[in-house]
Trainee: 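First the structure, which I've put down as structure tokens, then a few questions once you've had a look.
One is the number of the first residue; the rest follow in order along the sequence. Both counts, for ligands and for their atoms, begin at 1 and track the order of listing.
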Amino acid sequence: MASPGVSGAAYARGMTLVAILSGAGISTDSGIPDYRGPKGLWRKDPEAEKLVTYDFYMADPEIRRRSWQMRRTSATWAAEPNAAHRAVAELERSGTPVRVITQNVDGLHQLAGLPARKVLELHGTAREVVCTRCHARSPMAGALARVEAGEADPPCTVCGGILKSATVMFGERLDPVVLGEAVSIAKACEVFIAVGTTLQVQPAASLAGIAVDNGARLIVVNAEPTPYDELAEATIREPIGTALPALLKRLAADGAPGAEGS
Ligand SMILES: [Zn+2]
């Protein structure tokens with residue numbers, strides 16, 4: 001797997017590394033509600049929360065059957081990237097070194113054209129399934145086709161084990177390798193933009209503090225106040241779909257290659 005780490009030569013050339021931490025708020029314009037945040041749909045509905053909680057899922061075939069039905073009807077499959085996702089991809093194409101750390105599992109940054117190696121998915125991806133026994137991965141679309149064809153709880157085709165979405169369920173740890181790379185990016189970046197996240201879920205939220213501790217400028221783009229606003233150079237409350245493209249355009253103009261006297 002290509003590493004989205006921070007050892008690339010681009011940073012040595014004095015270009016501004018921009019880290020973008022994105023949360024549910026960046027995808028609401030694409031029709032995807034906030035499921036897992038502190039005020040998310042799952043947290044407000046204990047029955048729904050069981051469907052995405054590892055121990056319940058593994059213990060109960062009925063929970064898995066309902067979970068597959070929920071995945072089958074997820075808003076994610078019809079969702080298109082919006083102006084904010086496209087603006088991030090555009091910033092990357094403009095030559096500015098960009099790394100996205102996302103709490104979202106919808107894959108919309110990549111669909112907008114951002115290379116997958118530039119995206120760290122802290123909570124995994126809904127677009128793949130993984131076997132809980134042999135860890136084989138395959139596209140979600142294939143598993144959903146089996147559900148459509150009548151398999152209520154399709155097992156792993158390799159070993160027969162229980163399949164799950166390749167997302168981090170409640171009760172599961174974040175991938176330590178992914179988290180380690182996110183910390184490296186937070187330490188190395190010069191600008192850290194938190195967008196559409198309440199910065200209330202750890203350890204993702206702490207990345208903002210790590211970035212500031214290591215000298216980065218913090219910019220918060222979110223409708224509501226966050227615990228990190230006091231550390232931020234700027235807080236932007238306007239709608240993300242217009243605010244982020246405008247912000248990134250300014251950033252690209254200021255931090256363009258050659259603009260720092262090189
Ligand atoms: Zn398996």
Trainee: Above 12 or not: heavy atoms from other molecules or residues under 6.0 Å from CD of Glu230?
Mentor: no

Trainee: Ignoring hydrogens and angles, state whether a donor on the side chain of Glu224 or Gln200 is under 3.5 Å from an acceptor on the partner side chain.
Mentor: no

Trainee: Answer yes or no: are there more than 12 heavy-atom neighbours, outside Phe56 itself, under 6.0 Å from its atom CZ?
Mentor: no

Trainee: For the Zn ion (ligand 1), report each protein N, O or S atom nearer than 2.8 Å, sorted by chain and then by residue number.
Mentor: Cys131 SG, Cys134 SG, Cys156 SG, Cys159 SG

Trainee: Taking Ser27 as the fixed residue, which of Thr76, Asp106, Asp34 is the one that meets the side-chain hydrogen bond (donor to acceptor under 3.5 Å, both in side chains) rule?
Mentor: Asp106

Trainee: Check this for me: does any side-chain nitrogen of one of Asp60 and Arg66 sit under 4.0 Å from a carboxylate oxygen of the other?
Mentor: no

Trainee: Hey, are Arg127 and Glu121 close enough for a salt bridge, meaning a charged N less than 4.0 Å from a carboxylate O?
Mentor: no

